[in-house]
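Below is one structure, written out as structure tokens; the observations come after it.
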Amino acid sequence: MIIKGTGSGSITVAAYNIAATIKSISVFNRTASGVSIGVGVVAAGVTTFFYSATLTATNTDGSCSYRNVNIAVEAGWQIIISASGSTGYCILIE
């Protein structure tokens, strides 16, 4: 499954009632200035951030970031993304 979208501020993806593994994260800046981004999981009411990046202005070197991860999550989890500006994201889940 691929979860993708755009937004700014605090972005919470719909809850999934299945156990899964987060396999990769790709984030990109959609603004003319730098942004800070954090990606985490909300499970059982607890938020745990596991990835952060500072991205340069859009269409420049460093305006996107990709990371392979292997994060197991139990049923009822949600992805949360915190961004200081407009950002896009693509997250691969198995």
Side-chain angles (χ1 to χ4, degrees):
M1 155 178 38
I2 295 176
I3 299 170
K4 62 182 179 176
T6 60
S8 63
S10 183
I11 305 160
T12 305
V13 177
Y16 290 88
N17 199 24
I18 57 171
T21 301
I22 301 168
K23 301 303 282 184
S24 69
I25 302 162
S26 180
V27 291
F28 57 93
N29 186 354
R30 300 183 68 215
T31 68
S33 60
V35 297
S36 296
I37 298 172
V39 180
V41 173
V42 179
V46 176
T47 301
T48 304
F49 282 90
F50 57 84
Y51 176 75
S52 65
T54 301
L55 306 177
T56 60
T58 191
N59 295 325
T60 63
D61 288 343
S63 66
C64 61
S65 179
Y66 175 86
R67 178 172 295 168
N68 286 318
V69 294
N70 194 30
I71 299 169
V73 289
E74 296 183 13
W77 57 274
Q78 288 179 284
I79 296 283
I80 186 166
I81 299 167
S82 176
S84 64
S86 183
T87 187
Y89 58 90
C90 183
I91 302 169
L92 175 63
I93 311 287
E94 289 185 344

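- At distances below 3.5 Å, not a single donor-acceptor pair connects side-chain atoms of N29 with backbone N or O atoms of S63.
- Pairing each heavy atom of S36 with each of T54, the nearest pair is OG-OG1, 3.9 Å.
- For the pair V13 and I91, the minimum side-chain heavy-atom distance is 4.5 Å or more.
- Looking at heavy atoms from C-beta onward, I79 lies in side-chain contact with I22 at the 4.5 angstrom threshold.
- Residue A57 comes nearest to A32 through the heavy atom pair CB-O, 3.3 Å, listed as atom of the first residue, atom of the second, then distance.
- Between the OH atom of Y51 and the OG atom of S65 there is a distance of 2.0 Å, given to the nearest 0.5 Å.
- Residue pairs meeting the side chain to side chain donor-acceptor pair (under 3.5 Å) criterion with at least one member in residues 85-94: none, sequence neighbours excluded.
- For T56 (side chain) and D61 (main-chain N/O), a donor-acceptor pair under 3.5 Å exists by modelled atom type.
- With rounding to the nearest 0.5 Å, the separation of CD1 in I81 from CD1 in I25 is 8.5 Å.
- Between the CD1 atom of I11 and the CD1 atom of I37 there is a distance of 8.0 Å, given to the nearest 0.5 Å.
- Side chain of W77 to main chain of N17: no donor-acceptor pair is present (N/O by atom type, distance under 3.5 Å, no hydrogens or angles).
- Residues V42 and T47 are in side-chain contact: their nearest non-hydrogen atoms beyond the backbone lie under 4.5 Å apart.
- Residues I18 and M1 form a side-chain contact, since some pair of their non-hydrogen atoms from C-beta on lies under 4.5 Å apart.
- Looking at heavy atoms from C-beta onward, I93 lies out of side-chain contact with K23 at the 4.5 angstrom threshold.
- Scanning both residues, S26 and Y66, for their nearest heavy atoms gives CB-CD1, 3.9 Å.
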